[in-house]
Number of protein chains: 2
Amino acid sequence: MDETCCAPLDGKVVREVERRDSDVELAVLSKALGHPARVRILRFVIAQESCICGDIVEHLPLAQSTVSQHLKMLKQAGLIRGTIDGPRVCYCVEPKALQRFRQLVSGL
Amino acid sequence: MDETCCAPLDGKVVREVERRDSDVELAVLSKALGHPARVRILRFVIAQESCICGDIVEHLPLAQSTVSQHLKMLKQAGLIRGTIDGPRVCYCVEPKALQRFRQLVSGL
DNA sequence: GCCATTAATCGTAATTCTACGATACGACTG
DNA sequence: CAGTCGTATCGTAGAATTACGATTAATGGC
């Protein structure tokens, strides 16, 4: 076995790595909300607490395909989740991700 | 005088406009932190509380011109301020903007 | 099974971002 | 006043984002 491979990291190194991870984590979440349409979508989803994609499209001055793209980005960042409900897709917020975002921003 | 011009808005309209403004406001701030390098720069500036541009460049694996670009974006979003200090530029955080960002994210 | 409905994906054009080296600019130093 | 140091800006190439219409895929009703 290679001693250096899995040797325990000291506290300083651990914190260093964690900090860099959280740089990326915060950047990913921030980027997801880096467009007004996505802020609006997220707020709408939170307000409605469960909402069908079509409702979001109606609520925004954007094409269905564009909204779908924005939803995809929010989903990839982990901020929302989409569950299939018959022929529709029901979107809802992912509270843990939102909480994590709050935590990271508060911790700045 | 045109009555419709400066007529008082009713509460509903005011809240509507405020909400849309804050969509953009949150998007602008989020976008500024939508890149790991900028998160790292902001954290560095906060940690050092006052720091020379050159120190930031040393601290990141990026060219000086790239760092300067990122600083410009953070400045344009209002998150940092740069004051000229002799031949150098001293960057520091803009606490009000940071506080506003926290407020907007908490309010989601 | 066929059709309508709903949402995702594809293709594409225009714009913006990211990174770099090179260059310009402003302010001290000798 | 010439030179140096620290930053900003310019030019540019490649990647990513944003928007749309057209198409595809999946589901439920007839």
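We name chains A, B, ... by the order of the sequence lines, and we start the count at 1 in each one. Worth knowing before you read on, the calculation uses all heavy atoms, side chains too, and leaves out hydrogens, waters and symmetry mates.
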Peer 1: Please list, chain by chain and in numerical order, all residues satisfying side-chain hydrogen bond (donor to acceptor under 3.5 Å, both in side chains) with B/Glu58, sequence neighbours excluded.
Peer 2: none
Peer 1: Below 3.5 Å, can you tabulate the donor-acceptor pairs from side chains in residues 75-89 of chain B to any protein atom, sequence neighbours excluded?
Peer 2:
| unit_1 | atom_1 | unit_2 | atom_2 | d |
| --- | --- | --- | --- | --- |
| B/Arg81 | NE | B/Glu94 | OE1 | 3.0 |
| B/Thr83 | OG1 | B/Cys90 | O | 3.4 |

Peer 1: Atom CD in B/Gln103, atom CD in B/Glu25: separation rounded to 0.5 Å?
Peer 2: 8.5 Å
Peer 1: For a 4.0 angstrom threshold against heavy atoms of chain A, report the outermost contacting nucleotides of DNA chain C in 5' to 3' order.
Peer 2: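 Contacts span C/dT6 to C/dT9, reading 5' to 3'.
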Peer 1: What pair of heavy atoms forms the shortest contact from A/Ala37 to A/Leu60, and how long is it?
Peer 2: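 Nearest heavy atoms, A/Ala37 then A/Leu60: O-CD1, 4.4 Å.
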Peer 1: Report yes if at least one side-chain N or O of B/Tyr91 is closer than 4.0 Å to OP1 or OP2 of D/dA8; otherwise report no.
Peer 2: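 For D/dA8, OP1 or OP2 has a side-chain N or O of B/Tyr91 closer than 4.0 Å.
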Peer 1: Could you check whether any side-chain heavy atom of A/Gln48 comes within less than 4.5 Å of a side-chain heavy atom of A/Asp55, counting everything from C-beta outward?
Peer 2: no
Peer 1: Distance from B/Ser22 atom OG to B/Leu104 atom CG, nearest 0.5 Å?
Peer 2: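 Between B/Ser22 OG and B/Leu104 CG, I get 6.0 Å after rounding to 0.5 Å.
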Peer 1: Would you give a per-nucleotide map of nucleotides 14-22 of chain D, 5' to 3', where B means the base has a protein non-hydrogen atom under 4.0 Å away, S means only the sugar-phosphate does, and - means neither?
Peer 2: ---SBBBBB
Peer 1: Tell me, which of residues 79-88 of chain A have any heavy atom that sits under 4.0 Å from an atom in DNA chain D?
Peer 2: A/Gly86, A/Pro87
Peer 1: Using atom CD1 of B/Ile52 as one end and atom P of D/dG6 as the other, report the distance to the nearest whole Å.
Peer 2: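 For the pair B/Ile52 CD1 and D/dG6 P, the rounded distance is 10 Å.
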Peer 1: Taking all non-hydrogen atoms of both residues, which atom of B/Ala97 and which atom of B/Leu29 are closest, and how far apart?
Peer 2: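 So the two residues come closest at O-CD1, 4.4 Å.
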Peer 1: When rounded to the nearest 0.5 angstrom, what is the spacing between CZ in B/Phe101 and CG in B/Leu33?
Peer 2: 5.0 Å
Peer 1: Are A/Val39 and A/Met73 connected into the same hydrophobic cluster when the rule is that any two of I, L, V, M, F, W, Y join if their side-chain heavy atoms are below 4.5 Å apart?
Peer 2: no
Peer 1: Which atom pairs, one a donor and one an acceptor, fall under 3.5 Å between side chains of residues 61-72 of chain A and the rest of the protein, sequence neighbours left out?
Peer 2:
| unit_1 | atom_1 | unit_2 | atom_2 | d |
| --- | --- | --- | --- | --- |
| A/His70 | ND1 | A/Arg38 | NH1 | 2.9 |

